[in-house]
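Input: a single structure, listed below in structure tokens.
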Amino acid sequence: MENKAIRVRFAPSPTGPLHIGGVRTALYNFLFARHNGGKMILRIEDTDQNRFVPGAEEYIIESFRWCGIEFDEGVGAGGDFAPYRQSERKQIYRQYADQLIEKGHAYYAFDTTEELETMRKELEASGARYTSYNQESRMKMTNSLTLPNEEVMRRLSVGDPFVIRIKMPENETVKVYDEIRKEVVVDSSTLDDKVLYKSDGMPTYHLANVVDDYLMEISHVIRGEEWLPSLPLHVLLYRFLGWEEDMPKFAHLPLLLKPDGKGKLSKRDGDRLGFPVFPLEWKDPKTGEVSKGYREDGYFPEAFINMLALLGWNPGTEQEIFNMEELAEQFSIDRVGRSGARFDPDKARWFNHQYLIGKDNAELAKDFALILDEKGVTYRDTTYLERIIELVKERVNFVSEIWDQASFFFEAPESYDEKTVRKRWKENTGALLSEILELIKAAEPFKRDKLHDTIASYLEEKQIGMGQVMIGIRLCLVGSGTGPDLFTIMEMIGKEETVMRIEVGVNKLG
RNA sequence: GGCCCGUUCGUCUAGCCAGGUCAGGACGCCAGGUUUUCAUCCUGGUAACAGGGGUUCGAAUCCCCUACGGACUACCA
């Protein structure tokens, strides 16, 4: 056990798009595997045929491909333990359920949905401590514990629907160990007789995950905190199946919480606060409803991963920017926190900004060119785009925001920011600009430094402050009171365009 | 209701396991600086040990109780 090869799995259910909490769980599994030189496995848990959503599995695989989480084995990757889709493993579960029955750790139950509902209501009404199918109620139900053996056999042979339930031991102290929370002790009498095998011939999650983790030689189960309450059940299953020696270690990750208020992060929060909760855009095949994705919102996969990695884990140093290799190198389960992490959209944007400013201008220019093409904006050449990006990259969080900061490099302003005009366009500004326009026309070469020196010395001579005139020119060229160095803008858009914009501006603003 | 887990600045968190630091960093926010403007950037500031009991010379750190929060409680995963 101690020297067992490291094998971890991410086991999603293909019931819809993958939530970022799920991506984080997968990420931690992946980092753990990489850190320890182990294998990362993708297993699809599709034991509930009713909840199957077409396209979900493809979505999951595409999401991981996008953000750089790789699988060594599993659906889409193959491997020695195939198949990795539980629906394709259907026939292997029954024997283990039967084994449990033989050993007296499980039993057949024939109760209908209505009967179960009635039982629950009666227990609730009576104010009972537990309202579930358990050691207190099972002897009042229709199952192989209460029925004569011949009757059980008869029902089975005529094909009556049945489920197989675990026979939870009474008053047994179950000690389980979680790598993050340490020892957790539970009394088995507080646990219920969970269904292990469904009437449709499929196992439930509880049986399937134990059987598959054992068969696939999983060494560590790293999953969401919502599974912690069923850990005692799983541990008992390993014990009853005789696999306790080979039982994987467990680590239950804290939840991702909503940015404000209470509770776990949901799709609703994203819609309400304007950030995605899914890695990729998702269109619901039934309703046609579209949910935003990090990819489509312009996040870099590296930024997305970096942000997620730090939501619940930290290296104990002051480093905040990590690539996948660094994360894998430094990751360890004992530095995963115990409490839920509130998602912060602001910090997500900040991470993207960090990656954006660290990228090559050429690379960003490629993405920006795509946006320009979409807008139908023509441009000189990629060198021009790269120069623009160098000037504005510090000011944006996303490539898509570059246009907002740089549109004036491509087209003259159509309007002038009113507030700036009111505050900064004085009576004599027009006249002043007309004088400076002559200097601009005469500037040779039409370069940043030359323009700066010419205008600066002229203004000095006339005892006029730079600020008084520069805002006016900026208004003409940019349309607002913001933006990068003005002389650089002039040089880049060229003399002809500069002159024209100033003439138009002076004309319009007076 | 039952059961389990959790609780350090507004947020992510370090520190806790092996009690002794002005409780550290980052995001946000605020202020100042730089600049022709805005943004960036730089500097500084703001702000936390949920509460109460113990144990101890000394507790964010160990123990107990309370409160609050969350997960789970399906023939869903």
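Remember, predicted model here, so these are calculated numbers, not experimental data. In what follows, chains carry the letters A, B, and so on, assigned in the order in which the sequence lines appear, proteins first and then strands, with residues in each chain numbered from 1.
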What's the closest nucleotide to the side chain of [X] if the choices are [options]?
X: A:Arg338; options: B:C75, B:A26, B:C16; value: B:C16
X: A:Asp346; options: B:C75, B:G25, B:G28; value: B:G28
X: A:Asp344; options: B:U40, B:C75, B:U11; value: B:U11
X: A:Glu318; options: B:C4, B:G24, B:A77; value: B:G24
X: A:Tyr130; options: B:A77, B:G2, B:U7; value: B:G2
X: A:Ser339; options: B:U8, B:A77, B:G28; value: B:U8

Students often get this wrong, so: under 4.0 angstrom with heavy atoms, is [X] touching a base, only sugar-phosphate, or nothing?
X: A:Arg474; answer: base
X: A:Val184; answer: sugar-phosphate
X: A:Pro254; answer: nothing
X: A:Leu311; answer: sugar-phosphate
X: A:Ser13; answer: sugar-phosphate
X: A:Gly127; answer: nothing
X: A:Asp111; answer: base

If you measure from the [atom1] atom in [N] to the same atom in [M], how many Å do you get, rounded?
N: B:G33; M: B:G24; atom1: P; result: 27 Å
N: B:A14; M: B:G32; atom1: P; result: 34 Å
N: B:C62; M: B:A47; atom1: P; result: 27 Å
N: B:C68; M: B:G25; atom1: P; result: 34 Å
N: B:G19; M: B:C42; atom1: C1'; result: 39 Å
N: B:U61; M: B:G15; atom1: P; result: 15 Å
N: B:C9; M: B:C49; atom1: P; result: 7 Å
N: B:A60; M: B:C22; atom1: P; result: 13 Å

Residue pair [X] / [Y], side-chain donor-acceptor N/O under 3.5 Å:
X: A:Asn134; Y: A:Tyr130; result: no
X: A:Arg120; Y: A:Thr131; result: no
X: A:Asp46; Y: A:Gln86; result: no
X: A:Asp212; Y: A:Tyr84; result: no

Spacing of [X] atom [atom1] relative to [N] atom [atom2], expressed in whole Å:
X: A:Asp48; N: B:C75; atom1: CG; atom2: C1'; answer: 9 Å
X: A:Gln354; N: B:U40; atom1: CD; atom2: P; answer: 12 Å
X: A:His452; N: B:U35; atom1: NE2; atom2: C1'; answer: 11 Å
X: A:Arg129; N: B:G1; atom1: CZ; atom2: P; answer: 13 Å
X: A:Ile20; N: B:C12; atom1: CD1; atom2: C1'; answer: 14 Å
X: A:Glu172; N: B:C3; atom1: CD; atom2: P; answer: 19 Å
X: A:Glu320; N: B:U13; atom1: CD; atom2: C1'; answer: 9 Å
X: A:Leu265; N: B:C12; atom1: CG; atom2: P; answer: 12 Å

Sort out the partner of [N] for me: Watson-Crick or G-U wobble, both distances under 3.5 Å, none otherwise.
N: B:C27; value: B:G10
N: B:U56; value: none
N: B:C75; value: none

For this session: Please determine which of A:Tyr458, A:Phe446, A:Phe487 meets the ring-ring contact (aromatic ring centres under 6.0 Å, His included) test together with A:His452.
Result: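 The residue from A:Tyr458, A:Phe446, A:Phe487 that satisfies ring-ring contact (aromatic ring centres under 6.0 Å, His included) with A:His452 turns out to be A:Phe487.
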Seminar exercise, completed: Scoring nucleotides 59-74 of chain B by protein non-hydrogen atoms under 4.0 Å (B base, S sugar-phosphate only, - none) yields ----------SSSS--
Respond yes when some side-chain nitrogen or oxygen of [X] is under 4.0 Å from OP1 or OP2 of [N], and no when none is.
X: A:Arg335; N: B:G15; value: yes
X: A:Thr47; N: B:A77; value: yes
X: A:Asn314; N: B:A14; value: yes

For this session: Can you label the angle between the A:Phe278 ring and the A:His19 ring as parallel, tilted or perpendicular, going by 30° and 60°?
Result: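 Perpendicular, since the angle between the ring planes exceeds 60°.
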For this session: Test for a donor-acceptor pair under 3.5 Å between the base of B:C3 and the side chain of A:Thr190, counting only N and O atoms.
Result: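 Flag unset: no donor-acceptor pair detected.
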Problem set entry | Sidechain N-carboxylate O distance under 4.0 Å for A:Arg342, A:Asp344 |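 Looking at A:Asp344 together with A:Arg342, the answer is no, because their closest N to O distance does not fall below 4.0 Å.
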For this session: Assess whether salt bridge (Lys or Arg N to Asp or Glu O under 4.0 Å) is satisfied between A:Glu115 and A:Lys140, documenting all intermediate values.
Result: CA-CA 11 Å; A:Glu115 287 167 343; A:Lys140 297 188 193 107; over 6 Å; no
Exercise. How do A:Phe343 and A:Gly467 order along RNA chain B: which one's closest nucleotide is nearer the 5' end?
Worked result: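 Upstream on the strand: A:Phe343.
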Run the side-chain donor-acceptor check on residues 176-183 of chain A: report pairs under 3.5 Å with partners two or more places apart or on a different chain.
unit_1	atom_1	unit_2	atom_2	d
A:Asp178	OD1	A:His252	N	2.8
A:Asp178	OD1	A:His252	ND1	2.7
A:Asp178	OD2	A:Ile180	N	2.8
A:Asp178	OD2	A:Arg181	N	2.6
A:Arg181	NH1	A:Glu225	OE2	3.3
A:Arg181	NH1	A:Arg338	O	3.2
A:Arg181	NH2	A:His252	O	2.8
A:Lys182	NZ	A:Glu179	O	3.0

Exercise. Taking atom NZ of A:Lys258 as the centre, does the number of heavy atoms from other residues, nucleotides or ligands within less than 6.0 Å exceed 12?
Worked result: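 Yes.
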